[in-house]
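To keep things clear, I will list the structure first and then write my remarks on it.
Letters A, B, ... are given to chains in the order of the sequence lines, protein chains preceding strands, and every chain is numbered from 1.
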Protein chains: 2
Amino acid sequence: MIARQIETALSRAQVICKRRGARLTPVRRRVLELILSSDQPTGAYALLGELQRGRGKLGPPTVYRALEFLLAHKLIHKVETSSAFIACADIEHPHESQFMICDDCGATEELRDEEIVESLRRLGERRGFAVERQVVEARGLCPACRSAQR
Amino acid sequence: MIARQIETALSRAQVICKRRGARLTPVRRRVLELILSSDQPTGAYALLGELQRGRGKLGPPTVYRALEFLLAHKLIHKVETSSAFIACADIEHPHESQFMICDDCGATEELRDEEIVESLRRLGERRGFAVERQVVEARGLCPACRSAQR
DNA sequence: AATTTGGTGTTACGCTATAACATGCCACGT
DNA sequence: ACGTGGCATGTTATAGCGTAACACCAAATT
């Protein structure tokens with residue numbers, strides 16, 4: 001993402017938080033900025049490294065707490081199979097999403113398919129399960145790596 | 001699972017491996033047995049602990065290598081959001097599956113819904129993604145914990 | 001017998017995540 | 001202005017998950 005878009009996204013996040021009575025503090029804002037800057041999912045320790053370049057030594061909890069906040073407010077998603085974090089593509093409308101992840105280059109694309117979301121919820125209901133969170137990730141090869149392979 | 005069923009499952013696994021020219025060695029067989037014995041997903045280090053009760057001190061690689069083998073032959077599944085391993089419900093027919101996991105008690109149920117499998121594969125294809133592996137996990141509350149909560 | 005192959009044992013380490021406690025800051029009521 | 005309560009952050013230590021690298025051994029192959 002380019003600088004201008006990042007600024008816009010940050011402002012929007014700021015507004016959303018204010019509306020909810022939540023505080024997008026400097027650390028949280030900075031972590032979100034770092035995540036927005038990378039188009040690929042970023043690991044907690046990579047974020048920690050970047051954070052430290054500005055503020056000196058910090059511990060993992062600082063980053064993890066910021067991530068927890070951003071996740072709770074759905075400003076970012078966690079990609080479970082990569083243990084990494086990626087910016088949410090549409091923070092105005094909280095949603096469940098799915099991911100396509102390239103095993104080769106790590107490229108990760110967010111999808112939104114309501115059919116899958118509903119299928120899973122229904123399957124849960126049928127079994128008496130109250131589904132709170134969905135993790136749907138498809139791993140494989142992205143178009144680029146696929147053609148590079150041949 | 002009760003002892004008799006475990007024996008049956010182990011024999012079946014044995015046969016399947018032989019058919020494929022793969023070796024279900026004592027360690028691998030024992031790890032599979034441990035996983036079959038537990039109806040909930042089991043972590044690698046819990047398995048390691050059990051293994052050690054029979055064979056003295058062992059390192060993590062021993063367990064992880066056995067798990068790798070069992071996964072490769074689809075005799076077990078990995079539940080990503082729990083970092084734990086569970087027996088496959090139908091080893092005769094390799095398949096993609098989905099999981100419902102209770103956040104409260106950890107109870108985990110394997111589902112098989114072809115619709116979701118196909119949806120994901122199609123979504124990938126449409127984007128040029130070659131989907132190799134699907135991770136579909138729904139977290140929430142199981143019926144028991146749900147009623148206990150009120 | 002020599003070689004190769006695959007499985008296991010062993011040590012050491014890296015990455016991911018959280019517990020527990022200390023400190024600091026700010027909004028609020030009085 | 002003052003204290004206080006609540007939330008955010010800093011700090012240290014540690015737990016949990018996973019793998020690299022090398023040594024050893026046994027069975028299969030030549």
Ion pair A:Glu125/A:Arg122, N-O distance below 4.0 Å: no

Between A:Glu68 and A:Arg65 (salt bridge meaning N to carboxylate O under 4.0 Å), is one present in this structure? no

Where along nucleotides 4-21 of chain C does protein come under 4.0 Å, by heavy atom, of base (B) or sugar-phosphate alone (S), with - for untouched nucleotides? ---SBBBB----BBBBB-

Quick one: side chain to side chain contact (heavy atoms under 4.5 Å, CB included) partners of A:Ser83, sequence neighbours excluded? none

For the pair B:Glu33 and B:Arg30, find out whether any cationic side-chain nitrogen is under 4.0 Å from an anionic carboxylate oxygen. yes

Separation of D:dG16 P from B:Leu48 CG (nearest whole Å): 13 Å

Short side-chain donor-acceptor distance under 3.5 Å, B:Thr81 and A:Glu80: no

